[in-house]
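These notes are about the structure you will find just below.
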Amino acid sequence: MNFYSLNKQAPQVSFKDAVIQGIAPDKGLYFPECISPLPPSFFEKIQELSNQEIAFNAIHQFVSDDIPNEKLRGILTNVLDFDFPVVEIEENVATLELFHGPTMAFKDVGARFMANCLGYFSGGEMKEVTVLVATSGDTGGAVANGFLGVKGVNVVILYPSGKVSDIQERQLTTLDQNITALEVDGTFDDCQKMVKTAFLDEELLHNMQLTSANSINVARWLPQLFYFLFAYKQAASFGKEIVFSVPSGNFGNICAGMVAQKLGMPVKHFIAATNSNDTVPEFMKTGKYLPKPSTATISNAMDVGDPSNFIRIRHLCNDDFENLKQKLFSFTFSDAETKEAMKSIYKNSNYIADPHGAVGYLGLKKYQEAHSDTYGIFLETAHPVKFLDVVEKTIKEKLPIPPQIQKVMKREKKSISIATYSNLKDFLLKN
Ligand SMILES: *Cc1c(COP(=O)(O)O)cnc(C)c1O
């Protein structure tokens, strides 16, 4: 299968080249040339399939021959070696827990899949690749963990100094080997700007093969569609129309869900729940897309003012606003509302939600006010201990620290401080 650039000014490329390049030469996002629905029998019999088989059926058409089938199955077995349970917390309200992976963030699946693909491609004649990624917290840890020790791939992670949690910082600064953490004196937006500048820097591009491990990369973005299929597998027999509420920042996860719908998965609606960074909820009201600088919230992995994947969602709906409105609802919530939700979920259901999951819960509840006859699933995108301070303060309980987190807390932090783009460029050219 080929992928084209949404800016339409670059040649089509294979899956392999789309993964290695990250973004097209015209700076557009890559998009699959077609999305062929799976046969209805796949969805009718989904409960009989293992997660690996479901994933293989769903992703195979996009990867096509760039990775042989047996190899692809092996990669999926590696990547999907943990559970994705749907946990009911109220009548017709369930959460899909996506935090059982090695860094306890939902980004583990995409990061590991991409790392395995690049690792496979580097076994060929591919020259060394540098993966450059900006993180507001969770991406960095998942990418660092997923790419650790992958031959032919160096990973450089930029994160805003003092603006990620202690656990998140340890997850991305303590691994060594082919992983380097650059601690940026600035905000997440500054980190992202530096990464974007690097991708436009002819001198750098001439000297090295740079790629991105943010959800603009198709190998990070597309495997997220598995989650929705795994949830559907568990909830299809409940006899109600299913809706998904997705706590959204760059809108890669929800966009992947909409690809699963294109593959034929029955879903009534998607709900994009955001924190106070409300560019998309505003767009859904007015039809005007007005990006703005991000504001800091307690659900910081969603502090995005100009979501990079929203263009893919619009494209999926043929850039037709009316069509989009049939599929997608979007609501915004303040930090105060998010904390109230965390408290009430804990009090009423004895369930501890992290701030991102709580935003998803709020989106679902708001939607169900007008659609009470649905079965709602909100995505829990991070384990609550990843946001320990705010969770403990809000629900007034101490959380036990899971073993995979205890392990990193003992390791020593290593980072290189930078402040400007030229610091980043010097680092990249020297290493
Ligand atoms: C990245 C992230 C999100 C947002 O996902 P997008 O695909 O960027 O919309 C939500 N929650 C957590 C915990 C995340 O790390």
Side-chain angles (χ1 to χ4, degrees), residues 29 95-111 113-114 133-146 157 159 163-165 167-168 171-172 188 191-192 212-228 244-260 270-275 277-281 294 297-313 328 330 332-333 338 342 352-363 378-388 390-391:
L29 270 63
T95 176
L96 169 63
E97 293 184 344
L98 299 178
F99 55 69
H100 296 280
T103 75
M104 314 205 91
F106 87 95
K107 293 183 172 78
D108 279 328
V109 165
F113 184 78
M114 179 180 165
V133 62
T135 184
S136 58
D138 268 7
T139 302
V143 167
N145 188 281
I157 301 169
Y159 74 99
K163 297 194 176 64
V164 304
S165 77
I167 290 173
Q168 289 174 329
Q171 284 184 324
L172 59 97
F188 170 63
C191 299
Q192 199 150 31
S212 138
N214 290 97
S215 51
I216 53 173
N217 194 303
V218 295
R220 256 280 320 270
W221 166 54
L222 283 170
Q224 301 177 119
L225 68 86
F226 303 158
Y227 305 140
F228 299 85
F244 285 103
S245 177
V246 186
S248 295
N250 265 319
F251 283 69
N253 201 10
I254 191 166
C255 184
M258 295 172 87
V259 173
F270 286 93
I271 301 136
T274 73
N275 57 30
N277 293 282
D278 62 352
T279 303
V280 170
S294 63
T297 72
I298 57 168
S299 47
N300 64 27
M302 311 199 294
D303 293 348
V304 183
D306 185 7
S308 46
N309 285 288
F310 195 60
I311 186 166
R312 281 183 169 138
I313 293 185
L328 184 74
S330 191
T332 169
F333 301 97
T338 306
M342 290 161 68
I352 301 175
D354 98 295
H356 304 77
V359 169
Y361 170 86
L362 284 167
F378 67 96
L379 276 51
E380 190 31 297
T381 45
H383 191 287
V385 297
K386 299 292 293 287
F387 300 90
L388 196 64
V390 56
V391 173

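For ligands, and for the atoms within them, numbers begin at 1 and follow the listed sequence.
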Return yes if some donor-acceptor pair links the side-chain N/O of Y227 with the main-chain N/O of F106 below 3.5 Å, else return no. yes
Where do F251 and V280 land on the side chain to side chain contact (heavy atoms under 4.5 Å, CB included) test, with the steps shown first? CA-CA 9 Å; F251 283 69; V280 170; 3.5 Å; yes
Hey, does the side chain of D278 reach the backbone of T332 with a donor-acceptor pair shorter than 3.5 angstrom? no
Plane angle bin for F244 and F270 - parallel if under 30°, tilted between 30 and 60°, otherwise perpendicular: parallel
So which protein residues pack against ligand 1 under 4.0 Å, heavy atoms counted? F106, K107, D138, P247, S248, G249, N250, F251, G252, N253, A301, M302, H356, T381, A382
Looking at residues at least two apart in the chain, or sitting in another chain, which of them share a ring-ring contact (aromatic ring centres under 6.0 Å, His included) with F99? H383
Does K386 pair with D354 as a salt bridge, N-O distance under 4.0 Å? no
